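In what follows, a single structure is set out as structure tokens and then discussed.
Just so you know, these numbers come straight off a predicted model, no measurement behind them.
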Amino acid sequence: QVQLVESGGGLVQAGDSLRLSCAPSGRTFSISTMAWFRQAPGKEREFVAGISWSIGDTYYADAVKGRFTISRDNAKNTVYLQMNSLIPEDTAVYFCSARSSRVLTTSSLSYGYWGQGTQVTVSS
């Protein structure tokens, strides 16, 4: 089985930056695509950014495009989400996710592996 552990969340002010990290372990050879989702209280879990592990293709939700950057370090087997110019609307629990398919999708139902989540709170 695959385990995902997120880190890097915290409480920041609007305009600040954070970098989230996701370190997969276990049967990581089965992972082809990784993504970040977020969920605010009372809202559905929404797609934030995704990356094809081997190719490096990326995709971003419109709400974060130009502010967030997803990347991977193959040597460290780690995926990052660099979040700049944070706004209060970014406040949510951020989840790292993974799937075996190389095709990027934005549906949470397509991702079979999930981390425990890390809280990001942006104050105004």
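- Side-chain contact between Thr121 and Val12 is absent, with no heavy-atom pair separated by less than 4.5 Å.
- The minimum heavy-atom distance between Pro24 and Leu4, with the atom names listed, is CB-CD2, 3.6 Å.
- Placement of Val79 and Leu104 in two distinct hydrophobic clusters is found when ILVMFWY residues are connected by side-chain heavy-atom separations under 4.5 Å, directly or transitively.
- Listed by first and then second residue, the side chain to side chain donor-acceptor pair (under 3.5 Å) pairs that reach into residues 80-90 are Ser17-Asn84, Arg38-Asp90, Arg67-Asp90, Gln82-Asn84, sequence neighbours excluded.
- If you take CZ on Phe95 and SG on Cys22, they are separated by 12.0 Å, rounding to the nearest 0.5 Å.
- For the residue pair Leu81 and Val48, the shortest heavy atom distance occurs at CD2-CG1, 4.2 Å.
- Atoms OG and CD, from Ser108 and Gln39 in turn, are 8.5 Å apart once rounded to the nearest 0.5 Å.
- For the side chain to side chain donor-acceptor pair (under 3.5 Å) condition, no pair includes a residue of residues 21-34, sequence neighbours left out.
- Across all their heavy atoms, Thr118 and Leu20 have their closest contact at CG2-CD2, 4.1 Å.
- Between Ser54 and Arg72, the shortest heavy-atom distance links the atoms O-NH2, 3.1 Å.
- Checking side-chain atoms of Gln1 against main-chain N and O of Gly26 turns up no donor-acceptor pair under 3.5 Å.
- Atom CZ of Phe29 sits about 11.0 Å away from atom OG of Ser100, to the nearest 0.5 Å.
- Within 6.0 Å of CD in Gln119 there are more than 12 heavy atoms belonging to other residues, nucleotides or ligands.
- Two residues are said to be in side-chain contact when any heavy atoms from C-beta on lie closer than 4.5 Å; Trp114 and Cys96 fail this criterion.
- At distances below 3.5 Å, not a single donor-acceptor pair connects side-chain atoms of Ser97 with backbone N or O atoms of Tyr113.
- Between Tyr111 and Phe37, the distance separating the two ring centers is shorter than 6.0 angstrom.
- Using a distance-only test at 3.5 Å, with no hydrogens or angles considered, no donor-acceptor pair links the side chain of Tyr59 to the main chain of Ser52.
- We find the CE-CD1 distance between Met83 and Ile70 to be 11.5 Å, quoted to the nearest 0.5 Å.
- Side-chain atoms of Thr78 do not come within 3.5 Å of backbone N or O of Asp73 as any donor-acceptor pair.
- From Ser124, atom OG reaches atom CG of Leu86 across 13.0 Å, with rounding to the nearest 0.5 Å.
- At least one test fails for Arg102 against the ring of Trp53: distance under 6.0 Å to the centre or angle within 45° of the axis.
- Side-chain atoms of Trp36 and Val64, non-hydrogen and from C-beta on, never get closer than 4.5 Å to each other.
- Residue Thr105 comes nearest to Arg99 through the heavy atom pair CG2-NH1, 3.7 Å, listed as atom of the first residue, atom of the second, then distance.
- Between Glu6 and Gln116, the side chains place a donor N or O and an acceptor N or O closer than 3.5 Å (distance only, hydrogens not considered).
- Closest approach of Ala40 and Ala92 over heavy atoms only: N-CB, 3.9 Å.
- More than 12 heavy atoms of other residues, nucleotides or ligands sit less than 6.0 Å from atom NZ of Lys65.
- Ile51 and Leu18 fall within the same hydrophobic cluster, defined by Ile, Leu, Val, Met, Phe, Trp and Tyr side-chain heavy atoms under 4.5 Å apart, directly or through other members.
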